[in-house]
Structure formats: C-alpha cells, structure tokens
Amino acid sequence: MPEDHERHQLSTAGGDWQDRCLSLTIRGPWAHFRRVEGNIVKQTYRVIPRTTVAGLLAAMLGIGRDQYYELFGPDQSLIAIEPVQPLRTINMPMNTLSTATEHLHSFNSRGKISVKLPDPSKPRQQHNYEVLVDPAYRIDISLADRGRYAELREMLAAGKSHYIPSLGLSEYLADVEYHGEFDIERGYGGDDSIVEVDSTIPNGVERVIPQADIRFEAEESPAFMTTDSGGRTTSGFAAYAYSPDAEALSVRDVEAARVDGRTVVFT
C-alpha cells in the first residue's frame, strides 16, 4: 500500500481522473441485496446496487461505515455495472434470532471483553429470503481521489482486502477477480445513434430498443448516500435497464464508453 507521500504523488499525477478505470468481477454462490420497500418476503435487487458496490470496495480499503460516502459521490466517482451471469433467484426460508438490543444476551460482562449475542433460548423467527444464485457482476470504477484509487489498484492486484468481501449479507462471501486498469474511451453513442451496451443502462430505460429475442427489465435502487445525524441516508437513486440473461442491449442516444473492448455506461 502506498505511503502518504506516494499517494500524494499519485493524486497529483497528470490526466483526467475520468480517463482511466479499474475493472474487476465479483461473484459468489449466493447474494441478497435487500430491496428498500418492506415486504414479508425479503426480496432482492437483481442488479447489485451502486451503494453496495461502494460499500464492498470501501471494506476492501478498510474504510469504516459512514466514512466513504463522499469518496463514491456523484461528482467523485464513476461506476459501471454489468451482469455477466444470468440473474436467477430462489426463495430460501431462514430461522433467525432477534438482534434487537433488548434481546441480546451479554457474556463475560465482568471481564475486560464483553460479547453480546442473541439469546439462543428464545424462539426462532422464520423469514423468507429471495436470494440470487451464482450471481456475477463486472464492475468498472474510477475515483477522483487518485490516492484512494491507487490504493485500491494495489489491493486488487495483490488480491488483498481489509475486510472479507461479501454480496449483501456477510455470510454470502464474494470472490473478487481483478482484470486490470484500462482506458475509458469516450465518444460512443449519443446524437440519436444506436449502440450495443454490455453493462446496465442507468436512467435510460426509455432509450432501450426492444428486441424480440432479448429480454430486458428495469429496477430502481439506491445509488448514493450521505452522512446525517442518524448515520446515513440515501441521497439518490438510479433506475437500471438490464438483461436478466446477461446479454447486450441495443440503446439509442446514450453516452457510452469503451472499456477493455466492452461498451458500458457509467453513473
């Protein structure tokens, strides 16, 4: 990991921060990205939310909760998300214990270290979780903070992480494959032209051209967060068009870019 003076040199190097990005694939046997709307069945987003990508990368960098929202803010970061495996789900019942403060049992309360765990003598509650099976997403990421960008690049290249990466829930561990650093080649799409886009299309659902043999769907999920007196709050959403079969979509009049031979749209 670069020291502070090295990070400063990297942060002041020439070039626009939007000209280069890091590319990685995150995958796992299971994932659950809980939808914000309440329901008896805890449903999952099909596309990993931008805020979850930010949290996963912040965990790899060792940044604490409520300390990374500005780093991944709308004017400070670019993220493109591409499903690379068909998105399928199953319903999975789970028996859980309450983790509310009043239901936690304290162990070793007289010692120097006290651990609070759910009381195992209490009845379990059963919840139905909708979970993704074998999900995989290609992520392209650029940061205005070139020091953090360089730090993330070194962590990915070395296969290291401060905290264990996971996909929504801590028990759904993620495997991270680093592809390298690539140029962001702009100038694709726009001006009413049609391009084949490999990634999801943020805020461009109405620009997708329907095709008889290719399915596409849309969903809105949290994209940005900010710190508030209660910890954090969602400050922005993005509506993604995507192919549940992980195929490219034809899109008209969208500002796209080429990364490693693929066509993507950043948000």
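The figures here come from the full heavy-atom set of this structure, side chains too, leaving out hydrogens, waters and symmetry mates.
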Give the C-alpha distance, both sets of side-chain angles, the deciding distance and a yes or no for side chain to side chain contact (heavy atoms under 4.5 Å, CB included) between Asp140 and Asp260. CA-CA 10 Å; Asp140 303 298; Asp260 189 26; over 6 Å; no
Does the pair Arg27 and Glu177 meet the rule for a side chain to side chain contact (heavy atoms under 4.5 Å, CB included), with working shown? CA-CA 8 Å; Arg27 68 177 74 243; Glu177 179 184 4; 4.0 Å; yes
Begin from the C-alpha positions of Leu167 and Leu169 and carry the test side chain to side chain contact (heavy atoms under 4.5 Å, CB included) through to its verdict. CA-CA 6 Å; Leu167 293 170; Leu169 297 179; over 6 Å; no
Using side chain to side chain contact (heavy atoms under 4.5 Å, CB included), reason through Leu173 and Trp30 one step at a time and then give a plain yes or no. CA-CA 8 Å; Leu173 303 183; Trp30 307 102; over 6 Å; no
Just distance, no hydrogens or angles: give the donor-acceptor pairs under 3.5 Å from side chains in residues 50-63, sequence neighbours left out.
residue: Arg50; atom: NE; partner: Thr267; partner atom: O; Å: 3.2
residue: Arg50; atom: NH1; partner: Phe72; partner atom: O; Å: 3.0
residue: Arg50; atom: NH2; partner: Ser77; partner atom: O; Å: 3.4
residue: Arg50; atom: NH2; partner: Ser77; partner atom: OG; Å: 2.9
residue: Arg50; atom: NH2; partner: Thr267; partner atom: O; Å: 2.9

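Closest heavy-atom contact between Ala80 and Val264: CB-CB, 3.9 Å. In terms of heavy atoms, Gly28 sits closest to Pro135 at O-CD, 3.1 Å. Residues Ile139 and Ile79 approach most closely at CG2-CG2, 4.3 Å, considering heavy atoms. Heavy atoms only, all atoms of each residue included: Phe33 and Gly168 are closest at CE2-N, 3.7 Å. When all heavy atoms are compared, the tightest approach of Thr263 to Ala256 is CG2-CB, 3.8 Å.
Residues Tyr188 and Val265 form no side-chain contact, since every pair of their non-hydrogen atoms from C-beta on lies 4.5 Å or further apart. At least one side-chain heavy atom of Pro93 sits under 4.5 Å from a side-chain heavy atom of Asn128. Val259 has its side chain within reach of Cys21: a pair of non-hydrogen atoms, C-beta onward, lies under 4.5 Å apart. Looking only at side-chain heavy atoms (C-beta outward), Thr25 and Tyr137 stay at 4.5 Å or farther from each other. Side-chain atoms of Val131 and Thr89, non-hydrogen and from C-beta on, never get closer than 4.5 Å to each other. The closest side-chain heavy-atom distance from Glu217 to Tyr240 is not below 4.5 Å. Contact of the Phe216 side chain with the Asp245 side chain is not registered, since no non-hydrogen atoms from C-beta on lie closer than 4.5 Å. The shortest distance between side-chain heavy atoms of Arg232 and Tyr69 falls below 4.5 Å.
Asp192 places no side-chain N or O within 3.5 Å of a backbone atom of Asp253 that could act as its donor or acceptor partner. Side-chain N or O atoms of Arg258 include one that pairs as donor or acceptor with a backbone N or O of Gly261 at under 3.5 Å. Between the side chain of Ser23 and the backbone N or O of Phe182 there is no donor-acceptor pair closer than 3.5 Å. For Glu219 (side chain) and Arg46 (main-chain N/O), a donor-acceptor pair under 3.5 Å exists by modelled atom type. Listed for the Asp16 side chain is no donor-acceptor partner under 3.5 Å among the backbone atoms of Asp19. Judged purely by atom type and a 3.5 angstrom limit, Thr96 uses its side chain to pair as donor or acceptor with the backbone of Gln125. Under a 3.5 Å cut-off, the side chain of Ser161 and the backbone N or O of Tyr163 do form a donor-acceptor pair. Formation of a donor-acceptor pair under 3.5 Å by the Glu154 side chain with backbone atoms of Glu151 is not found in this model.
Enclosure of atom CG in Asp191 is not indicated, since only 12 or fewer non-hydrogen atoms of other residues, nucleotides or ligands lie within 6.0 angstrom. Shown here is Ile164, whose CD1 atom has no more than 12 heavy atoms of other residues, nucleotides or ligands within 6.0 Å.
Note: Ile194 CD1 to Arg207 CZ = 13.5 Å, rounded to the nearest 0.5 Å. Between the CD atom of Gln18 and the OG atom of Ser142 there is a distance of 7.0 Å, given to the nearest 0.5 Å. Between the CG atom of Leu132 and the OG1 atom of Thr44 there is a distance of 4.5 Å, given to the nearest 0.5 Å. The distance from the CG atom of Leu24 to the CZ atom of Arg153 is 14.0 Å, given to the nearest 0.5 Å.
One finds no salt bridge joining Arg138 and Asp198 here, because no Lys/Arg side-chain nitrogen approaches an Asp/Glu carboxylate oxygen to under 4.0 Å. Under a 4.0 Å N-O distance rule, the pair Arg35/Glu130 does not qualify as a salt bridge. Salt bridge status for Glu82 with Arg262: present, with a side-chain N to carboxylate O gap under 4.0 Å.
There is a path of hydrophobic side-chain contacts, each under 4.5 Å, that joins Val36 to Ile81.
Aromatic ring pairs are classed by plane angle as parallel below 30°, tilted from 30° to 60° and perpendicular above 60°; the pair Tyr129 and His32 is perpendicular.
Considering only residues two or more places apart in sequence or on other chains, Arg20 meets the salt bridge (Lys or Arg N to Asp or Glu O under 4.0 Å) condition with Glu181, Asp183.
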